[in-house]
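Below is one structure; the comments refer to it alone.
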Amino acid sequence: MATPDVPKTCKVILADTIAKKLLGEVREMLNKGENAKKPTLAAFLANDDPAAAQYAEWSKKTCEENGFGFDLRKVNKEVLEEAIVAANQDDAIDGIIVYYPIWTNNQQQDRYIQETVALSKDVEGLCHTHLFNMYHNVRFLDPPANRKKSILPCTPLAIVKALEHLQIYNPILAYGNRLFGKTITVINRSEVNGRPLAALLANDGATVYSVDITGVQVFTRGQGIRQPRHQVLDKEGWGLKDVLPLSDVVIGGVPTENFKVPTELIRDGAVCINFSSYRNFDGPAVKEKASIYVPSIGKVTIAVLLRNLVRLIDNRTQENKE
């Protein structure tokens, strides 16, 4: 008698699978809108990063397949500010994306460029108002009317949508508490991706260990998620060896090919998600430990980008009605 095959314990979920549903929602939102012209996204590429160029190509393809215009503008970083200001004033442009980093050794200069993008065209959710709302768990730009939704950063929101797709969020709980009881490690604390992601997950109820080269911070909404927004505490002396064995979900976003999450520290049955342009996980090894593995998230990020663009258009429609 033949021995039955043992079923694989790890399920690999590709970004295409998650993005497909989101893009369907985006097309439905677009068809319901009152905007007669084709929405157009202006994308500014002012660096030589191959990952950014690949992301731009994916964005162009996805935009064109789903009824959006995509205008890639390759510019020298020294004239980038003027180019963005011109796009802010151009009625033919509905949203603006800039591929970061631009000044690799000057985060402050990149931050200045983020603020140059007009709030009404900030499809990435990186302007101060959008970031303030995200960190303070404020969902709308116009309280108490609450007709214009605040925009969330694309990659962090893409990971949230992936976690919803994977049913890590508990739909039985109240909206905003649906990660209560979950422990998540995010390996990256950049101002563009890692820190916003930790805040979003903690604001939804999770205990989030945020790890970077300077150490570990824990993001929570207090004991029993009693606070309306997240709080941050330093975990002196902690490292991956302390947080990975505790984590239901491990999210890697380290932008180097030299870093790999130590597979032996990952708890059995954890969910592992990679959002770096490099593989932060040892694929074959992690499949022996994880219950679910998502090797990349880029195409989900593009779907969220288009979702944000439709939101921006809806927000301007609401302004015109006032």
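Atom-to-atom distance recorded for F140:CZ and S150:OG is 9.5 Å, nearest 0.5 angstrom. Separating the CD1 atom in I302 from the OH atom in Y55 is a distance of 5.5 Å, to the nearest 0.5 Å. Remark: I266 CD1 to E288 CD distance equals 12.0 Å, nearest 0.5 Å. Considering CD of E164 and NZ of K21, their distance stands at 8.5 Å, rounded to 0.5 Å. Interatomic distance, T9 OG1 to D268 CG, rounded to the nearest 0.5 Å: 8.5 Å. The OH atom of Y175 sits 8.0 Å away from atom OH of Y169, with the distance rounded to the nearest 0.5 Å.
The residues R316 and D94 are annotated as salt-bridged, a charged nitrogen and a carboxylate oxygen being separated by less than 4.0 angstrom. D16 has a carboxylate O that lies under 4.0 Å from a charged side-chain N of K299, or vice versa, which qualifies the two as a salt bridge. By the 4.0 Å N-to-carboxylate-O rule, R139 lies close enough to D204 to be salt-bridged with it. With salt bridges taken as basic N to acidic carboxylate O contacts below 4.0 Å, one links R111 and E115. A salt bridge between R267 and D248 is present, with a side-chain N of the basic residue lying under 4.0 Å from a carboxylate O of the acidic one. Under the 4.0 Å criterion applied to side-chain N and carboxylate O atoms, E57 and K60 are not assigned as salt-bridge partners.
Residues T301 and L305 have side chains not in contact (no heavy-atom distance under 4.5 Å, counting atoms from C-beta outward). When side chains are defined from C-beta on, P39 does not count as touching L41, because their heavy atoms never get closer than 4.5 Å. A heavy-atom distance below 4.5 Å is found between the side chains of N308 and L157. Residues C272 and V261 form no side-chain contact, since every pair of their non-hydrogen atoms from C-beta on lies 4.5 Å or further apart. V160 is listed as a side-chain neighbour of L201, based on a closest heavy-atom distance under 4.5 Å. Residues L163 and I273 are in side-chain contact: their nearest non-hydrogen atoms beyond the backbone lie under 4.5 Å apart. Side-chain contact between N315 and S120: absent, with no pair of heavy atoms (C-beta onward) separated by less than 4.5 Å. The shortest side-chain heavy-atom distance between L197 and T155 does not fall under the 4.5 Å cut-off.
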When the side chains of residues 249-260 are checked against the rest of the protein, which donor-acceptor pairs come out under 3.5 Å, sequence neighbours left out?
{"from": "T256", "atom 1": "OG1", "to": "N258", "atom 2": "N", "distance (Å)": "3.2"}
{"from": "K260", "atom 1": "NZ", "to": "R279", "atom 2": "O", "distance (Å)": "2.9"}

Kindly list each side-chain donor-acceptor pair under 3.5 angstrom involving residues 97-109, sequence neighbours excluded, with atom names and distances?
{"from": "Y100", "atom 1": "OH", "to": "Q114", "atom 2": "N", "distance (Å)": "3.4"}
{"from": "N106", "atom 1": "OD1", "to": "Q108", "atom 2": "N", "distance (Å)": "3.3"}
{"from": "N106", "atom 1": "OD1", "to": "Q109", "atom 2": "N", "distance (Å)": "3.0"}

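Linking Ile, Leu, Val, Met, Phe, Trp and Tyr whenever their side-chain heavy atoms come within less than 4.5 Å leaves F180 and L200 in two separate clusters. I151 and I113 are assigned to two separate hydrophobic clusters, defined by single-linkage of ILVMFWY side chains at heavy-atom distances under 4.5 Å. No continuous path of ILVMFWY side-chain contacts below 4.5 Å connects L233 to V208, so the two sit in separate hydrophobic clusters. Residues I13 and I297 fall within the same hydrophobic cluster, defined by Ile, Leu, Val, Met, Phe, Trp and Tyr side chains chained together at heavy-atom separations under 4.5 Å. Clustering ILVMFWY residues whenever any of their side-chain heavy atoms sit less than 4.5 angstrom apart, transitively, puts L309 in a cluster other than the one holding V304.
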side-chain contact (heavy atoms from CB on, under 4.5 Å) between M29 and R311, intermediate numbers included: CA-CA 9 Å; M29 290 167 64; R311 284 262 166 89; 4.3 Å; yes

Determine whether W238 and V218 satisfy the following criterion, side-chain contact (heavy atoms from CB on, under 4.5 Å), listing intermediate values before the conclusion. CA-CA 10 Å; W238 280 45; V218 60; over 6 Å; no

For R147 and D314, what are the C-alpha separation, side-chain angles and deciding distance, and is it a side-chain contact (heavy atoms from CB on, under 4.5 Å)? CA-CA 9 Å; R147 289 176 296 189; D314 286 346; over 6 Å; no

With side-chain contact (heavy atoms from CB on, under 4.5 Å) as the test, would you mind laying out the steps for V243 and V211 before giving the verdict? CA-CA 9 Å; V243 300; V211 182; 4.1 Å; yes

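Using modelled atom types, one side-chain atom of D122 and one backbone atom of C127 make a donor-acceptor pair closer than 3.5 Å. Between the R307 side chain and the V26 main chain, no donor and acceptor come within less than 3.5 Å of each other. Of the possible donor and acceptor atoms, one in the side chain of K121 sits under 3.5 Å from a partner among the backbone N and O of N88. Side chain of R221 to main chain of N203: a donor-acceptor pair is present (N/O by atom type, distance under 3.5 Å, no hydrogens or angles). Between the side chain of D90 and the backbone N or O of A92 there is at least one donor-acceptor pair closer than 3.5 Å. In this structure a side-chain-to-backbone donor-acceptor pair under 3.5 Å is present from N274 to Y278. Checking side-chain atoms of R229 against main-chain N and O of N137 turns up no donor-acceptor pair under 3.5 Å. Here the side chain of N188 pairs a donor or acceptor atom with the backbone of G194 at under 3.5 angstrom. Side chain of K161 to main chain of I18: no donor-acceptor pair is present (N/O by atom type, distance under 3.5 Å, no hydrogens or angles).
Looking at every heavy atom in both residues, A52 comes nearest to L45 through CB-CD1, 3.8 Å. Contact between P245 and L240 at its shortest, heavy atoms only, is CD-O, 3.9 Å. Closest non-hydrogen pair, G237 versus D242, comes out as O-OD2, 4.0 Å. Of all heavy-atom pairs between G269 and S291, the closest is O-OG, 2.8 Å. Of all non-hydrogen atoms in V192 and P156, the two that sit nearest each other are O-CG, 4.0 Å. Here the closest heavy-atom approach between residue G125 and residue P153 is recorded as O-CG, 3.7 Å.
Around atom CG of N76, more than 12 heavy atoms belonging to other residues, nucleotides or ligands sit under 6.0 Å away. Other residues, nucleotides and ligands place more than 12 heavy atoms under 6.0 Å from the CD atom of E264.
Using cut-offs of 30° and 60° on the angle between ring planes, the pair H136 and F132 is parallel. Note on ring orientation: taking the six-membered ring where Trp is involved, the planes of F219 and H230 are parallel (angle under 30°, cut-offs 30° and 60°).
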